[in-house]
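Both ligands and their constituent atoms are indexed starting at 1 by order of listing. Just so you know, these numbers come straight off a predicted model, no measurement behind them.
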Amino acid sequence: MGNRRLIQSFIILLLFSTLFLESCKKNIDKGTDTQQKTEIKVPTFNADRAYEYIAKQVSFGPRVAGTNAHDLCGNWLINKLDSLADTVYVQTFKTRIYSGEVKEGKNIIAQFNPTLKKRILLSAHWDSRPYADYDPDPNNHNSPIPGANDGASGVGILLELANLLNENPPSIGIDIALWDIEDWGEPRSVQTKNGEFWCLGSQYWSRNKVPFNYNANYGILLDMVGASDATFYYEGISNEYAPSILKKVWNIAAKLGYNKYFIPENAAPITDDHLYLNTIANIPTINIVHQDKNSSTGFYPYWHTMGDDIDKIDKNTLSAVGNVLAYLIYNEK
Ligand code: AHN
Ligand code: ZN
């Protein structure tokens with residue numbers, strides 16, 4: 001009698017332990033399964049939507065601080081980012097331009113995953129240059145430029161990335177900063193050449209970070225990233241302060257087949273927002289900027305002319321830059 005009971009309970013115990021072990025095995029299998037499936041999925045960058053964002057900015061008119069177009073476009077950018085990001089900061093500041101006049105500007109900073117420590121700072125300037133001082137027609141030298149490529153293109157790409165980040169939360173923190181009053185450097189007609197009057201918004205932010213004590217592992221600035229046949233090189237300042245980021249980004253571009261745009265050769269240093277992010281904010285930052293070794297200015301051919309309009313924007317270039325950045329963001333851990 002007692003023996004039978006003992007055997008019965010032994011069999012039950014055996015049954016349960018087998019079941020238990022099986023379920024453990026299944027869990028382990030599941031673990032490896034999900035690990036294989038988490039092979040990173042990178043959402044596709046929508047160049048049509050990025051293009052529409054560029055056209056929208058241009059439609060306000062030149063975004064020169066103190067004008068109605070600037071006000072309206074600034075509000076549109078803030079509302080757009082508010083609808084997509086976790087937190088948005090607007091930093092209003094006053095700054096003195098080369099002439100001594102004081103202008104009021106707005107830097108716009110949008111955060112995704114604001115509590116995470118690992119972060120990338122993506123940025124572009126949203127203002128337009130008040131002077132088309134490289135226009136072939138001297139009568140235009142005091143007219144503000146449409147700024148489709150110089151300004152709006154970088155912002156358009158960042159807004160579309162904000163859509164991707166909103167729909168597909170990244171595993172790291174991402175910040176999108178839109179700098180104001182980048183392009184009010186002294187015109188050609190003014191003799192004193194002083195680099196310090198460019199990039200006034202990013203300079204202000206670098207000295208007065210918002211949010212307070214902000215830091216990022218590295219930064220990427222976009223400037224003139226939308227023209228057809230754009231060429232991006234290892235720009236000098238980027239190469240001095242953040243060479244490993246340059247290589248990381250250009251390697252991704254090569255892997256994705258965008259080597260016609262991203263050319264791994266050194267090019268001249270440029271005074272741009274990334275200079276102050278590197279030297280004042282201490283955030284290693286590269287500049288993806290259209291440099292042209294054959295044009296007289298060294299930049300894209302319509303640089304600081306009235307020709308920098310929406311017709312110069314090419315969706316293929318937007319796709320290249322947008323997909324490289326999306327790949328980078330979703331492969332960072
Ligand atoms: C200078 O010409 C000194 N810097 C160019 C920065 C810039 C202006 N990027 C776009 N517009
Ligand atoms: Zn410019």
Side-chain angles (χ1 to χ4, degrees), residues 54 57-58 61-65 69-70 73 95 97-98 103 105 107 123-135 140-158 177-204 206 219-227 230-233 235-238 240-241 267-280 285-293 295-310 312-313 317 321:
I54 298 167
Q57 294 170 75
V58 173
R63 284 80 64 211
V64 174
H70 180 268
C73 186
T95 187
I97 62 165
Y98 69 92
K103 302 287 173 186
N107 293 323
S123 68
H125 75 90
W126 72 272
D127 62 306
S128 323
R129 178 152 181 79
Y131 320 111
D133 50 349
Y134 280 86
D135 197 274
N140 288 333
H141 285 191
N142 282 314
S143 304
I145 66 169
N149 198 32
D150 188 356
S153 67
V155 174
I157 287 178
L158 294 181
L178 307 181
W179 313 120
D180 202 357
I181 322 190
E182 184 275 341
D183 228 345
W184 215 315
E186 55 273 55
R188 281 170 86 184
S189 56
V190 173
Q191 287 306 306
T192 51
K193 284 282 167 284
N194 219 325
E196 76 202 64
F197 291 109
W198 298 89
C199 314
L200 295 174
S202 59
Q203 287 198 56
Y204 185 91
S206 295
I220 300 178
L221 175 69
L222 305 181
D223 194 3
M224 299 181 272
V225 283
T231 43
F232 310 120
Y233 295 94
E235 176 273 334
I237 302 286
S238 311
E240 184 180 344
Y241 289 94
I270 296 168
T271 301
D272 208 341
D273 295 310
H274 69 315
L275 172 63
Y276 300 104
L277 297 173
N278 279 304
T279 59
I280 304 175
T285 303
I286 65 161
N287 192 5
I288 302 179
V289 55
H290 187 160
Q291 291 181 281
D292 185 336
K293 295 186 177 180
S295 88
S296 56
T297 61
F299 293 115
Y300 118 100
Y302 298 94
W303 184 68
H304 293 181
T305 73
M306 298 308 283
D308 181 3
D309 214 333
I310 191 68
K312 306 308 182 308
I313 301 299
T317 307
V321 176

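- Checking S202 against D273 by side-chain atom types alone, a donor-acceptor pair falls below 3.5 Å.
- The nearest heavy-atom contact from the protein to atom 7 (C) of ligand 1 is E182 OE2, 3.1 Å.
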Would you check, one step at a time, whether the test side chain to side chain donor-acceptor pair (under 3.5 Å) holds for H304 with D183? CA-CA 10 Å; H304 293 181; D183 228 345; 3.3 Å; yes
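- With a cut-off of 2.8 Å, the Zn ion (ligand 2) has an N, O or S atom of D183 in range.
- When side chains are defined from C-beta on, N287 does not count as touching F232, because their heavy atoms never get closer than 4.5 Å.
- Scanning all protein heavy atoms for the shortest distance to atom 8 (C) of ligand 1 gives D183 OD1, 3.1 Å.
- Residue D223 does not count as close to the Zn ion (ligand 2), with no N, O or S atom under 2.8 Å.
- Considering only non-hydrogen protein atoms, atom 3 (C) of ligand 1 sits nearest to W198 NE1, 3.6 Å.
- Side-chain atoms of S238 never come within 3.5 Å of backbone atoms of I286 as a donor-acceptor pair (strictly under, hydrogens ignored).
- Ring centroids of Y134 and W303 are separated by less than 6.0 Å, placing the two rings close together.
- No other N/O/S atom of D150 lies as close to the Zn ion (ligand 2) as OD2 does.
- For the residue pair H125/D150, the side-chain donor-acceptor check at 3.5 Å is satisfied.
- Close approach to D150 involves these atoms of ligand 1, each under 4.0 Å from a residue heavy atom: 10 (C), 11 (N).
- At least one N/O/S atom of H304, whether from backbone or side chain, sits less than 2.8 Å from the Zn ion (ligand 2).
- The contact set between ligand 1 and H304, taken as ligand atoms under 4.0 Å from a residue heavy atom, comprises 8 (C), 11 (N).
- Side-chain contact check for D272 versus E182: some heavy-atom pair is nearer than 4.5 Å.
- Looking at H125 next to ligand 1, no N or O pair under 3.5 Å apart turns up.
- Residue, atom and distance of the protein heavy atom nearest to atom 9 (N) of ligand 1 are D223 OD2, 2.7 Å.
- Between the side chains of N107 and D180, no donor-acceptor pair is found at a separation under 3.5 Å.
- Heavy atoms of R129 found under 4.0 angstrom from ligand 1: none, in either backbone or side chain.
- Note on ring orientation: taking the six-membered ring where Trp is involved, the planes of Y98 and Y131 are perpendicular (angle over 60°, cut-offs 30° and 60°).
- In terms of N/O distances under 3.5 Å, ligand 1 is approached by T271.
- Against a heavy-atom cut-off of under 4.0 Å, D272 is close to the following atoms of ligand 1: 9 (N).
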